[in-house]
Amino acid sequence: MSENRILLDRTTSDAKGTAECGSALARMIMSDSTLPTFVCLDGDLGTGKTVFAKGFVSAVDPGADVTSPSYTLVNEYTCGSIPIFHFDVYRIKNGDDLYSTGFYDYPEDGIILVEWASLIDYALPAERIEIKIVKTSPKDNPAERRITAVIVTE
């Protein structure tokens with residue numbers, strides 16, 4: 001039986017607002033030890049997954065230079081109060097590819113952020129936070145996004 005609980009549901013009008021949603025979620029996780037520390041980010045190309053991640057990481061490690069891990073597959077931020085491991089699995093084709101990244105070896109005492117998480121649904125933990133980022137009005141306001149964070153427990 002799965003149970004879902006909405007943690008965050010906001011509409012943003014610019015990249016700053018998207019990053020602020022990431023910061024808000026990070027602060028929630030840092031202040032509530034019952035929340036999952038595995039965070040899945042999903043949305044179409046250009047919806048702001050990395051912008052959200054930048055905001056998230058900045059709340060934990062303010063000096064971090066956050067970049068997209070599109071080609072490195074994972075970026076590690078270990079100078080904050082808790083390590084953050086930021087994955088981009090867009091280029092992962094199968095379970096062997098995922099295994100070769102060392103994905104399964106990352107410590108559970110850190111926070112895992114995964115962009116394109118739905119592409120590796122077979123590897124996601126039963127308890128996680130799923131972030132959906134959707135452009136709400138691409139023609140009228142291309143920067144507007146709806147960001148929803150849901151706690152998933154399967």
Side chain to side chain, I129 and V150, heavy atoms closer than 4.5 Å: no

N4 side chain reached by T153 side chain, heavy atoms, under 4.5 Å: no

Sidechain-backbone polar pair: R145 side chain, T47 backbone, donor-acceptor under 3.5 Å: yes

E76 versus H86, side-chain donor and acceptor atoms under 3.5 Å: no

Single hit among I131, I120, D88 for side-chain contact (heavy atoms from CB on, under 4.5 Å) with V114: I120

Co-membership, hydrophobic cluster, residues M30 and L41, 4.5 Å side-chain: yes

Any donor-acceptor N/O pair, K132 side chain to D42 backbone, under 3.5 Å: no

Step-by-step side-chain contact (heavy atoms from CB on, under 4.5 Å) determination, C21 to F52: CA-CA 7 Å; C21 283; F52 184 96; 3.8 Å; yes

Presence of salt bridge, R146 and D9, under 4.0 angstrom: yes

Main-chain N/O of V51 paired to T18 side chain as donor or acceptor, under 3.5 Å: no

S137 and E144 side chains, donor-acceptor separation under 3.5 Å: no

Donor + acceptor pair across side chains of N75, T72 (<3.5 Å): yes

Set of residues satisfying salt bridge (Lys or Arg N to Asp or Glu O under 4.0 Å) with respect to R10, sequence neighbours excluded: none

Closest non-hydrogen atom pair, L113 against A53: CD1-CB, 4.1 Å

Residue pair A123 / Y104: nearest heavy atoms and the distance that separates them: CB-OH, 3.3 Å

Non-hydrogen atoms of Y106 and T101 that approach each other most closely: CE1-O, 4.3 Å

M28 vs L8 side-chain heavy atoms within contact, under 4.5 Å: yes

Ring geometry between F103 and F87 (parallel below 30°, tilted from 30 to 60°, perpendicular above 60°): perpendicular

For the student: nearest non-hydrogen atoms of Y77 and A64, plus distance: CD2-CB, 3.8 Å

Min side-chain heavy-atom separation S58-K54 under 4.5 Å: no

Close side-chain approach of L25 to V39, heavy-atom, < 4.5 Å: yes

Nearest non-hydrogen partners of G110 and F85, listed with the distance: CA-CE1, 4.2 Å

I92 vs W116 side-chain heavy atoms within contact, under 4.5 Å: no

Over 12 non-hydrogen atoms of neighbours within 6.0 angstrom of CD1 in I6: no

Any E115 side-chain heavy atom under 4.5 Å of P69 side chain: yes

